Amino acid sequence: MNILDHPIDAARILQKKRALKRELSAREGLVEKQVAILSGSTIGEVQNILEVFLLAQGVRPVFYQGGYGLFYENLVFDDGSLAAFAPDFVYIHTSSRNIRSWPCPADSAQQAEELLEAEYSRFEAAAKAALKLGCPVIVNNFDLPVYRVMGNREGSDPRGRIRFARRLNEKLAALVDATPNLYLNDLAYLQAQLGMERFSDQTAWYAYKYCCAIECIPYLCQSVANIIKSLLGRNKKALALDLDNTLWGGIVGDDGPEGLTLGSESPAGMAYSEFQTYLKELSQTGVLLNVCSKNEEANALAGLARGDSVLRREDFVSFKANWDPKHENLASMAKELNLLPESFVFVDDNPAEREIVRTQLPGVAVPELTCPEEYIAAIDRSGYFEVTTLSADDRKRVEMYKQNAQRAAAEQSFTDYNDYLRSLDMTGEFGAFDNEHAERICQLINKTNQFNLTTRRYTPAEVESLIGDDGHITLYGRLVDKFGDNGIVTALIGKCEGDTLDMELWIMSCRTFKRRLEHAMFDELVRLAREKGIKRIVGHYYPTAKNLLVRDFYATIGFEQTAEDEAGNRTFVFTGFEGYQPQCGVMEIKRV
C-alpha cells in the first residue's frame, strides 16, 4: 500500500522523504509550479513534506521560503524578491502561535473586542497583500490554545482564549468566503482530527518552533497539497461503487433486499446508511456516482428500492450491474461518460477486486476499505474531491451527465448523425468573458485536460484581467438543447498582435464532444476576428498524455500546420477569411 494514501504513514513519510522525492521526481508529465511559503513558525520540514505530496499529485514545486516568523513583513513590505519570484501559489503558514495579543481575565469585554479587531486586521492585511501577487493564496486558520485559564468558561467569555481563537476563525472564514482567490487550510480541523495533545506538541514548539508536532506535519502538508491540486483541476470526478457489503451489508442476490443490513435497526446498518448519505452529499458537489457491481441488475435495483435506502437508481449516472470483470466495466463507464479512467475512485469491499483494478487501471484511485464504520474516512480524508469552488454548474453536473445519457440513447434511433444533431434543438450561446461568468470560466480552464490545446492554466485574477481587454479576443460558450442546459462548457483566449491573433487557450468540456460546438465557436471567432481586422490566426498544440484527442483538431477546421518540434509541439495557421462559410449549421446561435 502507498504510504501517501489514507491512512497515511506519517512516520515512514518523514523517514523516507528523500527517497520518495527521488522516486516521484522521476515520473513523466510533472507540471512545474512556483510555491511561496510565508513563515509564521519553522517551515523547513513543512516544505520538504509538501514537496513530496505535490510531486505525488503531478506537480514539481519550486519554493520560495520567507524569513522565519516574518509572514507579515515579507508580504506587506515586500522588498521585491517575492514579486520577482512570481509565485503560482502562496501559502501563509500561521497558527495560534502567531497571535500576539491575547485577552486576559483582567480585560474588559471592550478591550477584548479591540484586541480581536487588531489581531484580525494584521492577518487580513497579510492575506490582502499576498492577493496582490495575482495568484491563489492559502491561509491557515487558528488551532485552539492548549490551556484554559478559566476552564469551560473560556468557550463563552469574550476574554477567554478559546472563544478568541474561534472568533478569529469565524472572521477569517468570512474573509475567505467573500474573497476570490483566497482559500482556507483548516488547521483547527486537523487539530481536532488528530487530537490536541498529539497535534499541539509543546516540545515541538519550544525546541524547534514548529506550530504542530513533527509527526503531524504530513497531515498538514497533505491538506495544503489537496487544495493546490484541486485548483489545478486534478481532482477525481467520479466514483465507481460496488453494492454488496459496500453500500449495504449482505448480498442482495442471496439475502434478498429484505435481508440486507441497512437503516437504523443495527450499528452496521446505521454505518451503511450514513455512508450512503455522505455519497449523496458528494454528488451535490458535482461528483458523479456510478454502480460497478457483480450482480443481476434486477437484484441491484431491488436493493436500492428499499424504503430505507438513501440512494436510489436516479442518483447514479452509469449503472453496471452484471458479471463482467469490474475493470472492464469501469473502463467502459469512463468511455460512456467521456472521462479518463484516472478520473475515477473505485470503491469495493473486496480486496481481490481492488487489486485487479489497481493492476489493470493504474490511474484509478482505489482506497482501502476495512469496516463500514471507516468507509467515509477512507474517501473523505484522501481528499479526492477537495472543493475549492462550488459553482451552479457543479451543483448541476450530475443532472447534466444524465441528460447526456438521454442524448446518447436518442442518437441510437438515427442513421444520419447530422439529423440526430438537428433533432436536439441546440442553441449555442456565446459571449466575451465577463464578471458574471468569470468564476465558472476559470474553473473550466483549470479542470479541462482532454480538449485543451495549450494546457495553460489561469488564475481568477488573470481571467478577470482579460475582461474588457481590447488586446485580446475572449469567448465563452454555453450549450442548451431539448434535454437541458449543459452550462458553460468551452472558452478561448486569443492575443491580438497587429493583424495576427495568437491563440493562447482553447478548451472544451468532454461533456459536449462531437456536438459541433467547437465549430460554432470557431465560426464566432472568425466573425469577431474580422471585426478587429485580423488576417491570420495562429493556433498551437502542446501535447500531453491527456490531450491526444485534439492533436489534429486545428487541421480539421481549416488551419494549415506550419511547424512541429521534437517534443511534438505543433503550430497551425488559418488565413481563410475570404469566402469563409460557417462550419456548424446544426444549432441556433445566440450572442450575449
Side-chain angles (χ1 to χ4, degrees), residues 421 426-445 448 451-458 460 462-481 485-509 512-513 515-542 550 553-562 570-592:
L421 290 177
M426 294 186 290
T427 298
E429 177 183 302
F430 301 102
F433 289 8
D434 57 17
N435 289 315
E436 180 183 355
H437 301 104
E439 180 183 7
R440 169 57 185 162
I441 292 167
C442 186
Q443 181 190 56
L444 183 66
I445 290 171
T448 304
F451 193 119
N452 188 333
L453 290 153
T454 57
T455 70
R456 284 193 59 177
R457 305 300 188 187
Y458 286 71
E462 288 172 326
V463 170
E464 290 169 9
S465 72
L466 293 167
I467 296 172
D469 179 6
D470 288 336
H472 286 81
I473 292 177
T474 63
L475 198 60
Y476 72 83
R478 176 191 299 274
L479 185 63
V480 180
D481 63 27
D485 183 355
N486 291 272
I488 293 175
V489 289
T490 186
L492 60 77
I493 299 169
K495 184 176 182 180
C496 301
E497 298 175 333
D499 64 357
T500 296
L501 184 70
D502 189 77
M503 297 296 292
E504 297 182 336
L505 174 92
W506 193 344
I507 50 97
M508 188 171 76
S509 168
T512 50
F513 282 178
R515 303 275 300 282
R516 301 282 175 82
L517 182 65
E518 62 272 27
H519 296 93
M521 188 81 156
F522 187 60
D523 292 344
E524 186 65 7
L525 177 65
V526 169
R527 185 186 72 81
L528 293 172
R530 275 176 169 159
E531 290 180 358
K532 279 187 169 287
I534 298 296
K535 307 290 186 185
R536 186 169 171 267
I537 302 176
V538 178
H540 309 278
Y541 167 74
Y542 303 140
V550 291
F553 169 69
Y554 275 124
T556 68
I557 59 171
F559 283 69
E560 179 182 350
Q561 182 176 327
T562 58
R570 294 177 162 197
T571 302
F572 298 82
V573 175
F574 175 83
T575 56
F577 287 92
E578 187 174 345
Y580 178 83
Q581 295 297 316
Q583 299 185 29
C584 180
V586 294
M587 67 180 67
E588 180 183 347
I589 303 302
K590 179 181 178 182
R591 300 183 180 101
V592 294

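No experiment lies behind these values; they were computed from the predicted model shown. Any value given below was found using the heavy atoms of this structure, including those in side chains, with hydrogens, waters and symmetry copies removed.
- Interatomic distance, Lys535 NZ to Thr500 OG1, rounded to the nearest 0.5 Å: 11.0 Å.
- In this structure, CD on Glu588 lies 13.0 Å from CG on Asp481, to the nearest 0.5 angstrom.
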Residue pair Val489, Phe513: steps toward the side chain to side chain contact (heavy atoms under 4.5 Å, CB included) verdict: CA-CA 10 Å; Val489 289; Phe513 282 178; over 6 Å; no

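- The two residues Ile473 and Cys496 have their closest heavy-atom pair at CG1-SG, 4.2 Å.
- Shortest non-hydrogen contact noted between Leu421 and Arg515 is CD2-CA, 4.1 Å.
- Counting non-hydrogen atoms of other residues, nucleotides and ligands closer than 6.0 Å to NZ of Lys532 gives a total above 12.
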Using residues 463-471 as the side-chain source, report each donor-acceptor pair under 3.5 Å to any protein atom, sequence neighbours left out, with the distance given to one decimal.
residue	atom	partner	partner atom	Å
Ser465	OG	Glu462	O	2.7
Asp469	OD1	Gly471	N	2.8
Asp469	OD2	His472	ND1	2.8

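- Contact annotation: the side chain of Ile557 never approaches that of Glu518 to less than 4.5 Å [non-hydrogen atoms, C-beta and beyond].
- The aromatic rings of Phe577 and Phe574 lie perpendicular to each other, with more than 60° between the two planes, well past the 30° mark.
- Taking CG from Leu453 and CG from Leu505, the interatomic distance works out to 8.5 Å, rounded to the nearest 0.5 Å.
- Looking only at side-chain heavy atoms (C-beta outward), Leu517 and Asn486 stay at 4.5 Å or farther from each other.
- To the nearest 0.5 Å, atoms CG (Leu525) and CG (Leu492) are separated by 5.5 Å.
- Asp523 contributes a side-chain N or O that, together with a main-chain N or O of Cys584, makes up a donor-acceptor pair within less than 3.5 Å.
- Met508 approaches Thr448 most closely through the heavy-atom pair O-CG2, 3.4 Å.
- Using a 4.5 Å heavy-atom threshold, the side chains of Arg591 and Glu524 count as touching.
- Residues Phe430 and Gly477 come closest through the heavy atom pair CD2-CA, 3.8 Å.
- Between Phe559 and Phe522, the distance from one ring center to the other falls under 6.0 angstrom.
- For Gln583, the side-chain hydrogen bond (donor to acceptor under 3.5 Å, both in side chains) partners at least two apart in sequence or on another chain are Tyr580.
- Here the CG atom belonging to Leu475 is positioned 9.5 Å from the CD1 atom belonging to Ile441, to the nearest 0.5 angstrom.
- A donor-acceptor pair is defined here as one N or O able to donate and one able to accept, closer than 3.5 Å; such a pair exists between the side chain of Thr474 and the backbone of Phe433.
- Here the OG1-CD1 distance, from Thr455 to Ile445, works out to 12.5 Å after rounding to the nearest 0.5 Å.
- Pairing each heavy atom of Leu444 with each of Ser509, the nearest pair is CD1-CB, 4.2 Å.
- Each of Phe553, Tyr554, Tyr541 was compared with Phe572 under the ring pair (Phe, Tyr, Trp, His ring centres under 6.0 Å) criterion, and only Tyr554 meets it.
- Applying the 6.0 Å contact sphere to CD of Glu497 captures more than 12 heavy atoms from other residues, nucleotides or ligands.
- For Arg440 (side chain) and Ile488 (main-chain N/O), a donor-acceptor pair under 3.5 Å exists by modelled atom type.
- Under the 3.5 Å distance criterion, the side-chain polar atoms of Thr454 are matched with a main-chain donor or acceptor of Glu504.
- Pairing each heavy atom of Gly533 with each of Asp499, the nearest pair is O-CB, 3.8 Å.
- In this structure, Val538 and Thr571 have side chains that are in contact, with non-hydrogen atoms separated by less than 4.5 Å.
- Under the 4.5 Å side-chain criterion, counting only non-hydrogen atoms from C-beta, Glu560 is not in contact with Val573.
- Of the options Thr490, Asp485, Thr512, a side-chain hydrogen bond (donor to acceptor under 3.5 Å, both in side chains) to Arg478 is made by Asp485 and by none of the others.
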